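We name chains A, B, ... by the order of the sequence lines, and we start the count at 1 in each one. Predicted, not measured: the structure shown is a model, and the values here were computed from it.
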There are 2 protein chains.
Amino acid sequence: MVRRTSLREADCPVARSLDTIGDWWSLLIIRDAFDGMRRFGEFQKSLGVAKGILSARLNSLVNADVLALVPASNGSAYKEYVLTEKGRGLFHVIVGLRQWGEAHLFAPGEPHSELIDIAAGQPVGPLEFHSLDGRVLGWEGTVVRKVSAKT
Amino acid sequence: MVRRTSLREADCPVARSLDTIGDWWSLLIIRDAFDGMRRFGEFQKSLGVAKGILSARLNSLVNADVLALVPASNGSAYKEYVLTEKGRGLFHVIVGLRQWGEAHLFAPGEPHSELIDIAAGQPVGPLEFHSLDGRVLGWEGTVVRKVSAKT
DNA sequence: CTATTTGGTCCTATAATAGGACCAGTTGTC
DNA sequence: GACAACTGGTCCTATTATAGGACCAAATAG
């Protein structure tokens, strides 16, 4: 009853997404996974999170098919956590958070990590959102249509 | 000492963003704000969250300059919470979560709320991410360059 | 003026997180 | 192979956050 609210059955895709990866640590783990981290110890060192919590989060993400537990790539007996295709689908979310943070949470000139376009060897451009016919859309150009109520 | 981890000073913009809006309720409040909700009671009814929590979250978001507390638009003595420009900058994050949820968290044919392109009167297209010279970028085409360590 | 709505505060119980002790299996060193 | 160190956890305790609801003052409705 005092169970933490579950949004697993919500009509809104945003709510369901947050139910899966909306806690305090999951998106940071996924960010690190995009940066190439794979081992339990790597995540633990990078995040400084308690091991018990990390263990719970990793299991939860594996359970949600965001991460997969695979044999270590170097042939050792240990396992590694890698992004699944579903997990890699969160790229735009991570990039969105990154660009918002860059734009609003750093003082001018304050150093921060940067996302680099490998082919061009330079920083990336802004995330964009388009209509089906190609116009760039902003928040003003859109509206959410609720799922038809049970009438 | 057992204070919840703060990421306010992190080098990574993703971490700083999550420090501001990465808790269990903030992004849902922001989603509702994009949907046009403005009053305390509207948020409370929509989310079903305890009023004390909602109060704390709203104050925190106002403090972070994501929401602003303004006089009610209908002339009453009540106040309303509206997105600031900084808050509206989270549009891409919300859209990213929405599209990921739509793609991976609903059964085929299962109904869900939809984001509509007003001008075209139809659902929107996918969020895209481009290089500075216009190519569409995916996670494989990018790498994070860490801020130069204190060498 | 009275009743209801609105927008909160405050309290208690439960759940989640932080920090660290502890431990088994794996790997590195000689 | 013996031993030490490393890795990847589990488990315990203390603190913080959340859920749910009682309560209350100001605003509005009738």
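Linking Ile, Leu, Val, Met, Phe, Trp and Tyr residues whenever their side-chain heavy atoms come within less than 4.5 Å leaves A:I116 and B:V14 in two separate clusters. A:V136 and B:I94 fall into different hydrophobic clusters, where Ile, Leu, Val, Met, Phe, Trp and Tyr are joined by side-chain heavy atoms under 4.5 Å apart, directly or via other members.
Listed pair A:R39 / D:dG8 meets the phosphate criterion, a side-chain N or O lying under 4.0 Å from OP1 or OP2. Between B:S55 and C:dG7 there is no side-chain polar atom (N or O) within less than 4.0 angstrom of OP1 or OP2. Between B:W25 and the phosphate of D:dA19, there is a side-chain N or O to OP1/OP2 separation shorter than 4.0 Å.
When the shell of 6.0 Å around CD of A:E110 is examined, it contains more than 12 heavy atoms from other residues, nucleotides or ligands.
Contact annotation: the side chain of B:D117 approaches that of A:R135 to within less than 4.5 Å [non-hydrogen atoms, C-beta and beyond]. The closest side-chain heavy-atom distance from A:S6 to A:D19 is below 4.5 Å. Residues B:L28 and B:F43 have side chains not in contact (no heavy-atom distance under 4.5 Å, counting atoms from C-beta outward).
When the P atom of D:dG9 is taken as reference, atom OH of A:Y81 falls 4 Å away, rounded to whole Å. Summarising the geometry, the separation between NZ on B:K79 and P on C:dG7 is reported as 12 Å, rounded to the nearest angstrom. Counting to the nearest Å, the C1' atom of C:dT6 and the CD atom of B:E80 are 13 Å from each other. As rounded to whole Å, 11 Å separates atom P of C:dA18 from atom CG of A:L28.
Judged by distance alone, the side chains of B:H130 and B:E128 do bring a donor and an acceptor atom under 3.5 Å apart.
Within the model, atoms CG of A:L90 and CZ of A:F34 stand 6.5 Å from one another, a figure rounded to the nearest 0.5 Å.
Less than 4.0 Å separates DNA chain C from at least one heavy atom of each of the following residues of residues 43-52 of chain A: A:V49, A:A50. A heavy atom lying under 4.0 Å from DNA chain C marks the following residues of residues 57-78 of chain A, by number: A:R57, A:S76, A:A77, A:Y78.
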